[in-house]
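Only one structure is covered here, and it is reproduced in the block below.
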Amino acid sequence: MSPYGPLSQFPAGTRVRIEKLCDCSRARGRLCAMGLTPGTEIEVFANCGGPCCLKVRGTSLTLWQGLAGNIFARVVGANPDGSGATVAA
């Protein structure tokens, strides 16, 4: 199984698929309005303890760590052993 956790914990350059959003209806509504819905693949391109910068659906978004922590995702293209190495196509 590939690595799973809050979006705020993935390093820059990681491609992930959103698995779950938080239970807070207000935060979930904001995330969905930005196109961050379960099943969506995104790329983290900056995440160094401050804002989390993402590429999603052809655009760039910046989220604060608190909001990014409400998005639970899984690495895309990881080996089944969870090593995180990409699988050759």
Side-chain angles (χ1 to χ4, degrees):
M1 181 99 3
S2 57
Y4 173 83
L7 189 59
S8 58
Q9 294 183 356
F10 290 101
T14 307
R15 189 156 183 81
V16 299
R17 178 179 298 113
I18 298 173
E19 297 286 328
K20 180 184 172 196
L21 301 177
C22 65
D23 293 330
C24 174
S25 61
R26 185 174 179 187
R28 191 173 55 247
R30 285 182 178 179
L31 294 168
C32 288
M34 290 186 273
L36 297 168
T37 57
T40 302
E41 288 189 15
I42 59 177
E43 181 183 349
V44 178
F45 68 89
N47 190 7
C48 56
C52 182
C53 300
L54 315 168
K55 290 183 183 177
V56 58
R57 299 180 190 261
T59 193
S60 299
L61 294 175
T62 302
L63 303 176
W64 287 108
Q65 289 289 319
L67 193 54
N70 290 323
I71 303 168
F72 295 89
R74 186 174 310 279
V75 173
V76 175
N79 281 331
D81 66 2
S83 66
T86 56
V87 178

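Treat the numbers as computed from the prediction; the structure is a model and nothing was measured. Atoms considered below: every heavy atom in the structure, side chains included; atoms not considered: hydrogens, waters and symmetry mates.
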Leu7 and Ile42: CA distance, side-chain angles, deciding distance, side chain to side chain contact (heavy atoms under 4.5 Å, CB included) verdict: CA-CA 10 Å; Leu7 189 59; Ile42 59 177; 3.8 Å; yes
Chi angles and distances behind the side chain to side chain contact (heavy atoms under 4.5 Å, CB included) call for Leu21, Ile71: CA-CA 5 Å; Leu21 301 177; Ile71 303 168; 4.1 Å; yes
Verdict with supporting geometry, Leu63 and Leu36, side chain to side chain contact (heavy atoms under 4.5 Å, CB included): CA-CA 11 Å; Leu63 303 176; Leu36 297 168; 3.9 Å; yes
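Rounded to the nearest 0.5 angstrom, Cys53 SG and Glu43 CD are separated by 11.5 Å. Put simply, CZ on Phe45 and CG on Leu61 are 8.5 Å apart, with the number rounded to the nearest 0.5 Å. Note that the CG atom of Leu54 and the OG1 atom of Thr14 stand 11.0 Å from one another [nearest 0.5 Å]. For the atom pair Leu67 CG and Cys24 SG, the distance stands at 9.5 Å (nearest 0.5 Å).
Counting all heavy atoms, side chain and backbone alike, Val44 lies closest to Phe10 at CG1-O, 3.8 Å. When every heavy atom of Pro51 is checked against every heavy atom of Gln65, the shortest pair comes out as C-NE2, 4.2 Å. Taking every heavy atom of both residues into account, Gly69 and Pro6 meet most closely at O-CB, 3.8 Å.
For residues 9-25, every residue pair satisfying the salt bridge (Lys or Arg N to Asp or Glu O under 4.0 Å) rule, not counting sequence neighbours, is listed here: Arg15-Glu41, Arg17-Glu41, Glu19-Arg74.
Partners of Asn70 by side-chain hydrogen bond (donor to acceptor under 3.5 Å, both in side chains), not counting sequence neighbours: none found. Every side-chain hydrogen bond (donor to acceptor under 3.5 Å, both in side chains) that Thr37 has, sequence neighbours left out, goes to Thr40, Arg57.
When the shell of 6.0 Å around CZ of Arg28 is examined, it contains more than 12 heavy atoms from other residues, nucleotides or ligands.
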